[in-house]
Protein chains: 2
Amino acid sequence: MNTEEEVNDFVHHGHQEYLTHLSIDSVIFGYHEQQLKILLLKWKGYDGWGLPGGFIKKREPLSDAAYRILKERTNLSNLFLQQFYVFGDSPYRVKERSPHEFRDKFNLQVEDDNWLFKRTLAIGYFALVDYSKVIVQTDFFTESYRWWEVDAIPPLLFDHNDAVDKALLTLRLQIYHQPIGYNLLPEKFTLPEIHSLYETILSKELDQRNFAKKLVTLGLIQKLDERRSIGAHRSPYLYQFVKEKYEQALQEGIVHTY
Amino acid sequence: MNTEEEVNDFVHHGHQEYLTHLSIDSVIFGYHEQQLKILLLKWKGYDGWGLPGGFIKKREPLSDAAYRILKERTNLSNLFLQQFYVFGDSPYRVKERSPHEFRDKFNLQVEDDNWLFKRTLAIGYFALVDYSKVIVQTDFFTESYRWWEVDAIPPLLFDHNDAVDKALLTLRLQIYHQPIGYNLLPEKFTLPEIHSLYETILSKELDQRNFAKKLVTLGLIQKLDERRSIGAHRSPYLYQFVKEKYEQALQEGIVHTY
C-alpha cells in the first residue's frame, strides 16, 4: 500500500475486504550472530515506534492472514510464526480510537464512523527470522524501520510494549518445550552455535555440556560424522536437526520430567 | 437468556451490544478426586454436544468478558481462567454460517444477513474448576449439560474438538512452567493429593519423591508443622501453596534447567 489511491481505497472501502474489530500485530524477532532484535516501524507523523501489523480478509483463514502480512512486510515466507495472545484489555483496545489524529497525521479525509476507528482487538503473532536476510518494506503509513535490541526497546505506540513483553516471555518459556532454530542456524551447525542461540534468546548462561546432552537425548539434534575446521587443532563436530522429531516436538511439545 | 423475549432481543439487537465477528469458547476442565472432565452442553435440536461460549460487549475488556461468560454459566467467580488460542482456520470459521439451520432448530425468525451468521472467530479460554462445586446453568439454546471424561470426548459440533485438543495440550505443557492447583485442592493438602492432581492432568505417572522435591525446591509449596490423621500410624504432613511465589510463577513462568 504505497500510492495515495491505494490508501484512500483501503480507508474508505477496506471494511468490505477485511474483518472489522480485529487486527494482527507481529512481533518479529531477528537473530543473527548472538544478537536478538525486534523489528519496529516508525509511523509518519508520530514520534514513537510501533509493531508491524495488518488486517484479516473476510474469508481468509487466520493463519494465512498472519503469513501474508509478514511476507508483505519482510518478503520472507518460510518462517517460524506463532500466535501468542489476543490483546483486548488495555483502554486503547476497549475505547474506540479517535479519527482526528489520523486526519491530522496523514491528511486523509475520514468520517467519524470509519471502520478503522472502531474498537479493534489485536491477535499477536511472533516470528523468528535471521535479520541479516530480511529486506523490510515500508509503506504510506511508515517512514522507516529499525531492528532494536530486545533489552533496549523504547516506549512504543498504543499497547505495543505489552505485546513485546508477552511475546518475549512466551518465547522464553516455550523454548523449554518447543524446538527452535531450524531457520536461524546453518543446516549443519556446531554445538557452540546452537548453544549461543539459546543463550541469546534466554538472556542467560546455560551449562554447555548439559544443554547439548539434553538436545541429543531428546532426539532433536544428531551428531554428524563430519567436522568443521575453524583453525589449528580446532575442528568441532557438526550437528543437524532431526526434521521428523523436530516437527513432532513442534506439534506435541517436549515434555520435561518433574 | 431464557425467555423468548430475551432471545429475540439478542438475535435482532445483539449486534448493537456485542462485537461482531468474535466470540469466546470456554473449555472448562473440572477436577475432582482423581478425575479430569470437561463441561459440554447439548444444544436443542442438534444431535451433538458443544462447548459453552458467548460474546464480548462493545466496550468490555476481553478478559472481563471471559470471566462474565464463565460466571453466567457456572456461577463461579474465583477461577483459574486463561486464553489459549484463537480459532480462525477451519472452514467453519472461514465461511459465513447458514441461518437456515438456525431457523429450523429454534423456530426463530432471522434474516440472512443477521449478525450471528457472519464469519466468527473464537477466542479459546480454558478454566480449571472443582466440578463437584459447580451448578451449571442451561438456557434457551441448550437443553442439558454433562461432565465428560477427557479421554472419552464425543465428536463435537463445529470445530470444538480442535479447541478441546488444543486446550488439553496447552494445559499439559503449561503445568511444567506454571503452577496449578490453588482452587482445586483444599487449603492444606498432603503430597499424595497434589501428586494425584498432577498425574491426573498429565495422564501419566510421576515419580512421587522427585515431584514433591521439585515443588518444594521451586518454593511453590511449603511443609507445615501439622499432620492429617488418616488412620492408624498414618498421619502425613500437610503442605500449602506459597501464595506470593505462586502468583509470581503464574506471571513469569517457572524456568526449568536445560
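To find a chain, count down the sequence lines: A is the first, B the second, and so on, and within it residues start at 1.
- Contacts of B/Arg93 with chain A are absent, with no heavy-atom separation under 4.5 Å from either backbone or side chain.
- Only the backbone of A/Lys58 comes within contact range of chain B, with heavy atoms under 4.5 Å apart.
- Within a 6.0 Å sphere centred on CD of A/Glu205, heavy atoms belonging to other residues, nucleotides or ligands number 12 at most.
- Comparing B/Leu19, B/Leu121, B/Val86, B/Leu22 by how many heavy-atom pairs each has under 4.5 Å with chain A, the most go to B/Val86.
- Under the 6.0 Å cut-off for aromatic ring centres, B/Tyr239 and B/Tyr237 do not qualify, their centroids lying 6.0 Å or more apart.
- No other option in A/Arg59, A/Arg119, A/His21 has as many heavy-atom pairs under 4.5 Å with chain B as A/Arg119.
- For B/Thr20, the parts lying near chain A are the backbone and the side chain together; criterion is any non-hydrogen pair under 4.5 Å.
- Only the backbone of B/Lys57 comes within less than 4.5 Å of a heavy atom in chain A; its side chain stays farther off.
- A cation-pi arrangement is present between B/Lys243 and B/Tyr182 under the rule of less than 6.0 angstrom and at most 45 degrees off the ring axis.
- Ring geometry for B/Phe126 against B/Phe29 counts as perpendicular: the plane angle is over 60°, on a 0 to 90° scale with 30° as the lower cut.
- Between A/Tyr18 and A/Trp115, the two ring planes are parallel [angle under 30°; tilted spans 30° to 60°].
- In terms of heavy-atom pairs under 4.5 angstrom with chain A, the leader among B/Val94, B/Asp89, B/Ile56, B/Asp64 is B/Asp89.
- Annotation: maximal heavy-atom pairing with chain A below 4.5 Å, among B/Lys118, B/Glu60, B/Glu96, B/Lys95, occurs at B/Glu60.
- In this structure, B/Tyr246 and B/Phe241 have perpendicular ring planes: the angle between them is above 60°, well past the 30° mark.
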